[in-house]
Amino acid sequence: MGVSHSNSVSRRGIMSRVAAAAAAGMVVPALTPVARAAGSDDGLKTFKGRYALRGGRIIDGYFVAPSNSSYLDVVVVLHGENGFDAGARALAHQHARAGKLAIVPDMPATYRGIAALAGRDAHVADIKAMREAFGRHLRGNGKVEFVSA
């Protein structure tokens, strides 16, 4: 008689593997892109979309940095009352051309629903509280500064 080998898959086994994969995803570096690249400009790499921060926070924003660079200072550009506009974008590109990773959080897109009622000052305070998460970006060196557009 031949020996029979069967590969059985149990629901419990699959669920434990899915849970392990999900937990591994939470240990990735501070900012993981969940949007595709928006393009490049003057040797700069740009991304616009949603990004996952450690701890399950999601931020909508615009990221721009020199192409093929790492270990960069991070500059978080806080836009004005009008939201992400040409001025915020120009300032982000200026910092990126100076060799920094520039992040422009899109506050109206990030803070929706009831969170939008807190107001801009509360949103800025919340963004500043994420300093450590911004500093742990894959291309960052841990140094973070905040500037206003």
Side-chain angles (χ1 to χ4, degrees), residues 7 9 11 13-149:
N7 291 332
V9 179
R11 181 181 171 111
I14 289 173
M15 294 307 287
S16 68
R17 287 185 186 108
V18 168
M26 296 308 286
V27 183
V28 294
L31 292 172
T32 303
V34 286
R36 69 183 207 295
S40 62
D41 167 273
D42 298 335
L44 303 177
K45 185 79 170 178
T46 61
F47 297 93
K48 184 174 183 186
R50 303 193 82 192
Y51 291 81
L53 297 169
R54 278 191 184 165
R57 295 286 307 269
I58 303 286
I59 185 169
D60 287 83
Y62 182 76
F63 294 65
V64 60
S67 294
N68 301 320
S69 297
S70 60
Y71 200 69
L72 303 170
D73 288 354
V74 177
V75 176
V76 179
V77 178
L78 301 170
H79 59 70
E81 294 287 337
N82 296 327
F84 176 66
D85 59 7
R89 179 185 167 121
L91 187 56
H93 280 253
Q94 178 182 347
H95 282 286
R97 281 191 290 276
K100 300 177 182 181
L101 166 62
I103 301 171
V104 185
D106 187 347
M107 288 183 266
T110 299
Y111 299 99
R112 299 177 217 175
I114 199 155
L117 300 175
R120 185 179 184 281
D121 290 341
H123 300 163
V124 169
D126 188 50
I127 297 273
K128 286 183 175 182
M130 292 186 252
R131 174 185 292 270
E132 186 178 324
F134 288 122
R136 288 189 310 240
H137 189 282
L138 277 174
R139 298 177 73 187
N141 63 11
K143 296 178 187 172
V144 179
E145 81 177 276
F146 294 91
V147 297
S148 295

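Here the closest heavy-atom approach between residue G61 and residue Y51 is recorded as O-CE1, 4.3 Å. Of all non-hydrogen atoms in T46 and H93, the two that sit nearest each other are CG2-CE1, 3.9 Å. Scanning all heavy atoms of the two residues, the minimum distance from P108 to G83 falls at CG-CA, 4.4 Å. The two residues L91 and S148 come nearest to each other via the heavy atoms CD2-O, 3.6 Å. Taking every heavy atom of both residues into account, A149 and V77 meet most closely at CB-CG1, 3.9 Å. Residues L101 and A65 approach most closely at CD1-CB, 3.7 Å, considering heavy atoms.
A donor-acceptor distance shorter than 3.5 angstrom exists from the side chain of S67 to the backbone of G43, with no hydrogens or angles considered.
Within the 4.5 Å cutoff, the side chain of H95 has heavy atoms near those of the V147 side chain. No side-chain heavy atom of D73 sits less than 4.5 Å from a side-chain heavy atom of E145.
Partners of A109 under the side-chain contact (heavy atoms from CB on, under 4.5 Å) rule, at least two apart in sequence or in another chain, are D60, D106, R112. Taking A118 as the reference, A122, H123 meet the side-chain contact (heavy atoms from CB on, under 4.5 Å) condition, with sequence neighbours excluded. Among residues two or more places apart in sequence or in another chain, the side-chain contact (heavy atoms from CB on, under 4.5 Å) test is passed with S69 by P66, L72, R139. Taking the salt bridge (Lys or Arg N to Asp or Glu O under 4.0 Å) definition, one finds that D126 meets it with R57, sequence neighbours left out. Remark: R131 pairs with V144, F146 by the side-chain contact (heavy atoms from CB on, under 4.5 Å) rule, at least two apart or across chains.
Among pairs with a residue in residues 70-92, those fulfilling ring-ring contact (aromatic ring centres under 6.0 Å, His included) read Y62-F84, at least two apart in sequence or across chains.
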Side chain to side chain contact (heavy atoms under 4.5 Å, CB included) assessment of R89 paired with V104: CA-CA 8 Å; R89 179 185 167 121; V104 185; over 6 Å; no

Verdict with supporting geometry, M130 and I127, side chain to side chain contact (heavy atoms under 4.5 Å, CB included): CA-CA 5 Å; M130 292 186 252; I127 297 273; 4.1 Å; yes

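No more than 12 heavy atoms of other residues, nucleotides or ligands sit less than 6.0 Å from atom CD1 of I114.
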